[in-house]
Amino acid sequence: MHRFANPARFLRLATIILPWAALLSVGLFIAGLWLALFNSPGDYQQGDTVRIMYIHVPAAWMSMFTYSSMAVAAACALVWRHPLAEVYARAAAPIGAGFTLLCLVTGSLWGEPMWGTWWVWDARLTSVLILFFLYLGFMALVNAFDDPVRANRAGSILLLVGAVNVPIIKFSVDWWNTLHQPASVFRMGGPTIHPDMLWPLLLMALAFQTYFVAVVILRMRAELADAKIQTLRMARASAQG
Amino acid sequence: MSQTMKEFLAMGGYAPYVWSSYGLALLLLLVLLVASVAGLRSRERTLAALEAANPRRRRRKADAAGGDGGEGAAMLPMTGGRGKGGQNDATDADAGGGE
């Protein structure tokens, strides 16, 4: 990873990856939406509401993936002082918050016709809501300090403490008796959903993932430019003063 | 509107739930993308203006960029020059380029 600690090298690599990720994301969204909306069956119990799954589940996976990757970045920042780790965490946070919000709202839109309620305070739903607040808390915290070094350190500690929530989300459906159904894709013994539904789900998940890669690169470039602007302003201020 | 189209849009009677889910996803992903591109553009503009206002810094940066770009190309003759002999130039350069 330290090969990519040099921002100049990262920027060169990012320039190569960005168009591919963007192109791949568009292609996967087209294929995934085609299968999800036109070419997959309704559920025998849930009818067409099952199509909400193709948004809800990828958004949920991405909300957890993004947070986990930010927590790993926070560890790299605190232990090895990897200069890009904090940049990554700051860049990824709004995207992760967006995915979590999407997961919560589509879950409500699915819950109302199928469970008869928009919201229940069950373990899965509550722990995902906490995840959303962790994202918001992180973004607020790193913007609350004037000194970027202290801001990033505080943010990294918050991310590591909040990481305890990730396994709680994952296993909440097994540990507690929840209204939310247990896992049906990543489980021992393989997926229990039909390939006609699994394919659109996986394509949409990959589309979300490649979208994330493209947007996080854009945001990291913006963060790096921001840091350069601060340095230039500081240099100018000290030259004049 | 054809019958199949109507049926498709009706989503088995769940149209409001299904379409608002997809609509929200589209909206959110687009807003994030547009905001990120706009944020990057505005920073790059600010950076360009700052660098233009500070020519000394810009020259230094240009030198750095020249040295940086030479990492691949300029290194090769250097490794070749440091090499043990003329006939080994090519292999030295390859080893240097491959790091």
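Here is the naming used below: chain letters follow the sequence lines, and residue numbers restart at 1 for every chain.
- For the pairing with A:Ile95, the side-chain contact (heavy atoms from CB on, under 4.5 Å) check across B:Leu33, B:Leu32, B:Leu28 returns one residue only, B:Leu32.
- Of all the listed residues (B:Gly12, B:Ser42, B:Ala25, B:Gly39), the one sharing the greatest number of non-hydrogen pairs under 4.5 Å with chain A is B:Ala25.
- The two residues A:Ala222 and B:Leu40 have their closest heavy-atom pair at N-CD1, 3.4 Å.
- A tilted orientation is assigned to the rings of B:Tyr17 and A:Trp118, their planes being inclined by 30° to 60°.
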Under the criterion side chain to side chain contact (heavy atoms under 4.5 Å, CB included), I'd like the reasoning laid out for B:Arg43 against A:Arg221: C-alpha separation, chi angles, the key distance, then a yes or no. CA-CA 9 Å; B:Arg43 263 108 175 209; A:Arg221 277 166 55 176; over 6 Å; no

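- For A:Gln230, no part lies under 4.5 angstrom from a heavy atom of chain B.
- Residues A:Leu37 and B:Trp19 are in side-chain contact: their nearest non-hydrogen atoms beyond the backbone lie under 4.5 Å apart.
- Taking A:Ala214, A:Gly98, A:Pro113 one by one and counting their heavy-atom pairs under 4.5 Å with chain B, the maximum is reached by A:Pro113.
- Interface remark: A:Met220 contributes no atoms to any contact with chain B (heavy atom separation under 4.5 Å).
- A:Tyr54 and B:Tyr22 have their aromatic ring centers separated by at least 6.0 angstrom.
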Between B:Thr46 and A:Lys228, is a side chain to side chain contact (heavy atoms under 4.5 Å, CB included) present by the stated rule, with each step listed? CA-CA 10 Å; B:Thr46 314; A:Lys228 223 187 258 179; over 6 Å; no

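- To the nearest 0.5 Å, atom CG of residue B:Leu47 and atom OG1 of residue A:Thr231 are 9.5 Å apart.
- For the atom pair CD1 of A:Ile55 and CG of B:Leu29, the computed distance is 7.5 Å after rounding to the nearest 0.5 Å.
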Could you go through the side chain to side chain contact (heavy atoms under 4.5 Å, CB included) check for A:Asp48 and B:Glu7 one step at a time? CA-CA 11 Å; A:Asp48 280 322; B:Glu7 259 174 43; over 6 Å; no

